[in-house]
Amino acid sequence: MNETTEPEALSAETVPAAAEGNAETAAAGVDAHPETAAAGAETPGEAAPAGSDRVKRLEAEGDIAADYLEELLDIADLDGDLDMDVEGDRAAVSIVGDGLDVLVGADGEVLEALQELTRLAVFTQTGQRSRLMLDIGGYRQDLRKNLVALAREAGEEVQETGEAVKLSPMTPFERKVVHDAVAEMGLTSESDGLEPTRCVVVHPAR
Amino acid sequence: MLTETLEHLVRGIVDHPDDVTVRPRVQRNRNPRFGGRGETLEVRVNPDDLGRVIGRAGRTATALRTVLQALSGKDNLRIDFVDVDRHR
């Protein structure tokens with residue numbers, strides 16, 4: 001279990017550390033954060049003592065983000081509802097509605113830009129870097145579903161052939177989703193190669 | 001709408017939101033590659049906030065451009081960032 005997440009967690013930690021003390025680096029760590037956050041979610045017990053403070057802080061992040069985004073929707077004359085949640089150790093804010101494609105963009109580039117700005121808006125008010133996750137129009141949710149389906153197909157192939165399968169290059173967020181899905185099937189996986197062509201390799205169960 | 005949107009997005013990420021102004025400017029002598037005349041939005045911020053709105057390696061400025069270009073439907077929309085002390 002740990003074998004699958006450890007390499008990602010390590011690489012994820014090096015990014016923010018290398019650029020410590022700069023607010024703008026919240027952006028640099030964007031890709032790395034999802035994995036550490038998700039890895040943390042696997043052991044929720046550890047965070048339990050300070051849990052309620054942590055949840056309150058994350059809820060406050062969600063409120064700041066929602067205010068920022070809601071006013072954007074108003075000004076841009078877009079319809080959308082805001083859902084706020086705490087997922088693992090980060091705040092999750094979703095703009096839900098139809099006709100939000102303009103805020104997602106090709107390959108989610110507008111969504112990523114808005115997530116970055118929203119994290120900065122939170123930082124501006126709290127003084128703390130935020131790892132808030134923004135979703136718009138279910139884009140990330142759909143991406144996750146597709147990745148899980150892909151991971152299962154690869155897992156089935158590995159189970160049938162007994163041989164490792166290497167997947168296409170993915171972002172850290174995508175790889176994390178795949179590692180988790182593969183682990184659920186009782187298989188192991190690791191990441192191979194360097195960014196931006198780092199790939200998940202699925203191995204038979206040991 | 002674009003001016004107001006940009007103003008909101010910038011005000012939310014700076015320490016001196018009251019110093020933020022955005023105004024459109026039609027530029028002449030623009031590179032014909034971008035279709036001759038293009039719209040430029042000029043963002044003025046407090047000098048202390050200039051680094052914040054530009055971001056490390058221009059990441060924040062790029063994020064603002066990405067969002068504004070998406071909303072404008074134009075890819076020749078320019079955004080310039082200047083601090084309030086300049087051009088006065």
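Per chain, numbering begins at 1; letters A, B, ... match sequence-line order.
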Residues from residues 98-108 of chain A approaching chain B under 4.5 Å (heavy atoms): A:Val102, A:Leu103
Do A:Arg152 and A:Glu156 meet the salt-bridge criterion of a basic N to acidic O distance under 4.0 Å? no
Check whether any side-chain heavy atom of A:Val202 lies under 4.5 Å from a side-chain heavy atom of A:Met185, and answer yes or no. no
At a 4.5 Å cut-off on heavy atoms, which part of B:Leu64 comes close to chain A: side chain, backbone, both, or neither? both
Under 3.5 Å, is there a donor on one side chain and an acceptor on the other for A:Thr188 and A:His203? no
Kindly give the heavy-atom pair with the smallest separation between A:Leu134 and A:Gln115, and that separation in Å. N-OE1, 3.0 Å
Does some side-chain heavy atom of A:Cys199 sit less than 4.5 Å from a side-chain heavy atom of A:Leu167? no
Residue list, salt bridge (charged side-chain N to carboxylate O under 4.0 Å, His left out) with A:Arg140, at least two apart or on another chain: A:Glu112
Sequence neighbours left out, what passes side chain to side chain donor-acceptor pair (under 3.5 Å) with B:Thr5? Give chain and number order. none
Do A:Met133 and A:Phe173 have side chains that get closer than 4.5 Å, going by heavy atoms? yes
Pair A:Lys176 + A:Asp180, salt bridge at N-O below 4.0 Å: yes
Would you say the side-chain atoms of A:Arg175 pair up with the backbone N or O of A:Met170, donor to acceptor, closer than 3.5 Å? yes
Applying a heavy-atom distance below 4.5 Å, give me the residues of residues 73-85 of chain A that approach chain B, sorted by number. A:Ile75, A:Ala76, A:Leu78
